[in-house]
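Since the structure comes first, as structure tokens, the remarks are kept for the end.
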Amino acid sequence: MKLDRRAFVKLIAGGVGGTLLSPLPWKMADDTAIWSQNWFWRPSPERGGATTVNTVCQLCSGGCGVRVRLIKEKRAVNIDGNPTHPVNQGGICPLGAAGLQYLYGPSRIETPLQQTGKRGDLETMKAISWDEALEILAIKLRGMRPKARGLVCVSGKREGTVPELFARFLHAYGSPNYNVMPAAADAESLGLFVSQGNSGALGYDLENAKMVISFGSSYIEGWGSPNRMMMAFGDWRSNPKRDRTKIVQVETRGSLSASKADEWVAVAPGTESALALGLAQVIVSEGRYDRTFVSKYTHGFDEFRRLLRRNYTPDKVAAITGVEKEKIIGLAREFAGTKPAVALSGWGQGRMPGSIYDFLAVQSLNALVGSLHKPGGVTRMPRVPLAPWPKVVLDAKSLAGENEPRLDGSNGPQFPLPAQLFHNLVKNVNEGNLYPAEMLWVYEANPAHDLADVQPFLEALDKIGTLVSFSSFMDDTTQLADLVLPGPTYLERLEDAPIPPGLQYAVFGLSQPILSPRFETRHPGDVLIQLAKSLGGNVGASFPWSDYETALKERVKGLADAGRGQVADEPGLQPWKGGQGRQLAPNYDSFDDLWEKLIEHACWFDTSEAMPSWESAFTTPSRKFEFYSQKMRQVGIRGNDLTYLPHFKPVEPAGDPRDYPLLLMPYETMAITNGPVANPPFMTKTLFDFQLKGNDSFVEVNPKTAADMGLKEGDRVALQTERGTLKVRVHLTGAARPDVVFIPTGLGHTAFDSYIKGKGVNANEILVAQQEPVTGLAIWWGTRVKISKV
Amino acid sequence: MTGENKQQNSGLLGWLLFVVGFAGALFVGWVVFPQLLFSTQYQPINYNHAIHQEEAGMSCEDCHYFRDDGTYAGKPQLATCVECHEEAQGETESEAMLVSEYVEPEKEIPWISYSRQPDNVFFSHGAHVKMAEMECTDCHRDVEKETETPPVKINRLTGYPNEIMKMYVCEDCHAREHVSNACDVCHK
Ligand code: SF4
């Protein structure tokens with residue numbers, strides 16, 4: 001008997017048949033599929049009981065209360081809005097919701113780093129211990145003390161105890177060069193100073209306004225406190241218990257804010273304030289202004305009226321802005337006839353300083369209709385009664401520092417106003433003016449990406465001795481640093497959150513470490529205290545606290561001592577209802593109790609500071625609201641009458657129109673972050689494929705313009721300005737005027753991680769920042785551009 | 001033998017081999033394969049469900065409860081055991097191990113799950129037990145009389161236990177009960 005081929009085939013056939021009737025092949029197929037979904041690097045969520053902790057978001061200055069969901073109290077899995085926080089009332093923006101991607105993202109810095117090779121080379125960045133890092137810095141600072149003025153600091157955060165500690169350190173050390181990143185708050189603060197007497201910020205009582213005219217403010221795309229604006233918008237639109245608030249958006253681009261407004265007034269680029277003056281002219285000439293306010297509480301009205309009559313009649317303004325004369329008159333009448341009505345100033349999300357005159361033009365409109373310091377109008381931001389720290393201890397070197405000129409030229413002969421002029425500092429460093437910058441500290445700022453006209457900054461770095469970054473992330477600036485002192489993220493540390501921009505009542509938020517720091521990071525407040533102690537002398541004596549927590553508590557004691565306000569512990573609080581000046585019965589009985597409740601609920605709020613009366617509101621030389629600013633004269637600004645009055649004199653965009661026929665304007669959107677932290681991958685996912693496709697950014701072009709140039713949707717083009725060239729693709733949209741093209745800011749990082757780096761282009765690379773002659777503020781609303789197909 | 005006979009014989013042999021192959025494959029597929037595919041794992045200590053119910057008078061919910069936020073706690077944490085087992089409650093080997101290996105060093109007991117769903121499945125016990133009022137035993141084995149925790153069969157390829165509910169079972173029941181079978185009901 002022989003096993004021949006046929007028999008063998010039968011054996012196999014039997015085997016195959018049997019196998020097919022057994023579970024083996026089917027189970028293997030199924031299990032192999034499952035196996036292929038379970039590679040070892042696939043993240044697996046922590047399982048276990050969940051808890052929720054309240055804290056405050058610090059990803060922008062919005063000051064929202066958030067709740068973080070933790071599994072087994074150690075793994076954060078979700079962030080949403082805290083309904084008991086009055087600012088956002090449970091709302092959250094895409095950035096806040098994506099906060100965990102910062103906590104767990106790969107661009108976190110794990111230990112202090114020292115650059116041992118060439119700046120920018122990540123390979124030669126060496127991990128060092130905290131002791132080493134602080135020692136390196138302390139030695140440098142000791143050596144630099146005779147040239148103490150050469151220490152420069154730029155903070156991305158404007159308010160709060162940590163920026164105050166930085167400013168304090170510089171003061172004690174002997175440097176006048178504490179700076180903040182440019183923002184609309186710069187023009188706001190100067191504008192208030194020259195027209196009302198005290199700098200500071202505005203608080204808009206928007207929830208009680210019946211009409212809002214926004215002069216270029218992206219009111220639902222990130223202006224002010226973004227979630228507060230969303231909530232106010234919801235209330236204006238859909239609260240059945242109140243009249244619908246009318247919204248008018250004055251803006252060149254057909255933005256989301258424009259499309260959600262009742263009326264979009266599409267002005268010619270950069271002419272928002274001309275329209276404001278046009279409205280003022282109609283209101284004044286038709287006698288529709290608030291006579292009591294204007295006659296008793298203003299100074300320089302006649303000069304202002306004459307200027308309006310001469311330069312801003314509806315015909316003239318129509319010619320400047322491109323808005324029909326009838327529309328200007330109609331809008332002015334409506335604004336004056338609606339009570340209360342308020343005008344918003346500050347372009348976009350408020351990251352561009354803007355011109356002081358733009359600010360004054362818009363706020364004069366508020367003054368004319370009597371909306372200053374009135375419900376539904378605009379007032380000054382109330383103060384949070386934090387206790388002061390002891391005075392900085394000064395020695396001869398710090399006193400000398402107080403008398404040094406600031407490297408940004410502000411408060412000096414060229415720019416007499418007390419401005420923040422970081423762009424000018426960069427210019428002075430590049431031109432070798434005044435004195436050298438020996439060391440630059442960067443705190444929660446990313447100037448190497450976020451500063452419009454970024455090229456001069458990068459050049460200035462070559463002239464700056466040492467760059468020290470306090471960032472938590474390997475951002476565009478930090479990767480150029482010589483020394484990195486990484487801080488924990490906002491979810492891993494204690495810090496106060498000051499009143500967000502534009503709010504009319506007082507809030508004090510407290511971020512707390514909801515989990516222990518993931519890495520060898522150290523709180524920047526603690527780093528400064530330790531550094532000061534190791535320097536000793538008056539600097540050490542100026543930092544008497546054992547740690548940041550002690551320093552913070554010392555200030556928060558002021559709230560308890562004032563016996564004011566309440567901890568926000570129930571949903572639905574609406575502090576704007578019932579007006580400002582309402583006393584709230586404190587719901588805490590001692591400092592310890594207050595602190596404990598702050599840790600639990602993360603927010604204190606207060607409405608007891610009433611809006612100032614017209615008698616007491618102004619601290620100008622005339623004790624009145626000054627249309628004609630005597631303060632400007634007083635500080636030494638020289639010029640003709642026009643200089644002291646709100647007027648329209650745009651800073652011309654850089655570039656010869658013959659070489660660069662179109663205008664390039666940047667715009668900001670809620671879907672792309674613009675702060676020191678880069679767009680998290682979650683948000684990048686929400687971008688349309690006409691905003692970002694693969695790694696390509698888009699420029700918005702009007703279809704007609706595109707047709708004339710032979711461009712189609714998606715075409716690749718080069719955008720060329722005086723400063724440089726960017727390669728992008730074309731998106732055709734009616735939101736762009738024929739003579740202007742628009743590009744979003746916030747993309748095109750050169751750092752962070754593979755999820756962020758290289759996505760799109762950075763508009764700041766080709767925008768040219770101009771300077772306002774009187775204030776020195778940087779302005780970059782437009783740059784002339786040439787588009788060519790590539 | 002004639003040539004014809006030879007042919008007949010080899011034909012028979014062929015069919016015999018076919019049957020051998022067929023039966024062998026069935027045996028491998030049904031008996032050997034499952035033995036190879038699944039590893040047998042034993043719980044760290046024996047848990048006697050019956051004694052906890054009968055003698056200690058406990059109910060299922062004492063250990064397998066819903067948290068205040070509506071989520072299901074699953075297997076109990078050590079803290080629940082410690083409520084009674086701070087000290088040994090009996091003479092068994094498991095009891096001694098419980099106290100010495102876990103309670104005293106405050107170490108969680110690494111129970112092996114019989115039916116842990118994959119990470120990409122969003123399964124809510126609340127929706128099934130509270131809202132749809134299903135019984136635990138509709139899906140899980142009845143442990144009421146169980147004195148020994150059975151070993152867990154873990155699929156070597158997928159890492160999941162063999163008792164795990166497969167997607168078609170979910171879909172079947174959802175279809176029968178007129179509950180949506182849309183992807184995002186279970187895959188968020
Ligand atoms: S608006 Fe700002 S503060 Fe509020 S959640 Fe968003 S990022 Fe955070």
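We use all heavy atoms of the structure for the numbers below, so side chains are in, but hydrogens, waters and symmetry mates are not.
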Side chain / backbone / both / neither for L16(B) at chain A, heavy atoms under 4.5 Å: neither
Counting heavy atoms not belonging to E520(A), are there more than 12 under 6.0 Å from its CD? no
What's the separation between atom OG1 in T19(A) and atom CZ in F22(B), rounded to the nearest 0.5 Å? 9.0 Å
Once rounded to the nearest 0.5 Å, what's the spacing between atom CG of D68(B) and atom OG1 of T51(A)? 12.5 Å
Rounded to the nearest 0.5 Å, what's the gap from CG on D31(A) to CG on L37(B)? Could you check? 5.5 Å
Could you check whether atom CZ of F8(A) has more than 12 heavy atoms from other residues, nucleotides or ligands sitting under 6.0 Å from it? no
Honestly, the part of P43(A) sitting under 4.5 Å from a heavy atom of chain B is backbone
Considering only heavy atoms, which portion of K166(B) lies under 4.5 Å from any heavy atom of chain A: side chain, backbone, both, or neither? side chain
Exceeds 12 heavy-atom contacts within 6.0 angstrom, atom CD of E596(A): no
For chain A, which candidate among V19(B), V20(B), D69(B), N155(B) shows the most heavy-atom pairs at distances under 4.5 Å? N155(B)
By a 4.5 Å heavy-atom criterion (distance strictly below it), what part of T52(A) contacts chain B: side chain, backbone, both, or neither? neither
Chain A contact via R116(B) - which portion, at a heavy-atom distance below 4.5 Å: side chain
Take atom OH in Y72(B); do more than 12 heavy atoms of anything else shown fall under 6.0 Å from it? yes
Please look at Y160(B) and chain A and tell me whether the side chain, the backbone, both or neither of the residue comes under 4.5 angstrom of a heavy atom of that chain. side chain
Side chain, backbone, both or neither: which part of R5(A) has a heavy atom under 4.5 Å from chain B? neither
Surrounding CH2 of W111(B) (heavy atoms of other residues, nucleotides or ligands, distance under 6.0 Å), is the total greater than 12? yes
Can you say whether A33(A) sits under 4.5 Å from chain B via the side chain, the backbone, both, or neither, judging by heavy atoms? neither
Side-chain touch N120(B)/R42(A), heavy atoms, less than 4.5 angstrom: no
Chain A contact via P34(B) - which portion, at a heavy-atom distance below 4.5 Å: neither
Do the side chain of W30(B) and the main chain of L21(A) share a donor and acceptor less than 3.5 angstrom apart? yes
Using side-chain heavy atoms (C-beta onward) and a distance below 4.5 Å, is D30(A) in contact with M167(B)? no
Taking atom CD of Q37(A) as the centre, report whether more than 12 heavy atoms of other residues, nucleotides or ligands fall under 6.0 Å from it. yes
Could you check if a side-chain atom of L157(B) sits within less than 4.5 angstrom of a side-chain atom of M28(A), using non-hydrogen atoms only? yes
Could you have a look at G159(B), G74(B), G29(B), P118(B) and say which one has the most heavy-atom pairs with chain A under 4.5 angstrom? G29(B)
Using a 6.0 Å cut-off, check whether atom CZ of F38(B) has over 12 heavy atoms from anything other than its own residue. yes
One should read off an interatomic distance between D119(B) CG and N38(A) CG, to the nearest 0.5 angstrom, of 8.0 Å
Between CZ of R6(A) and CG of L17(B), what distance do you get to the nearest 0.5 Å? 13.5 Å
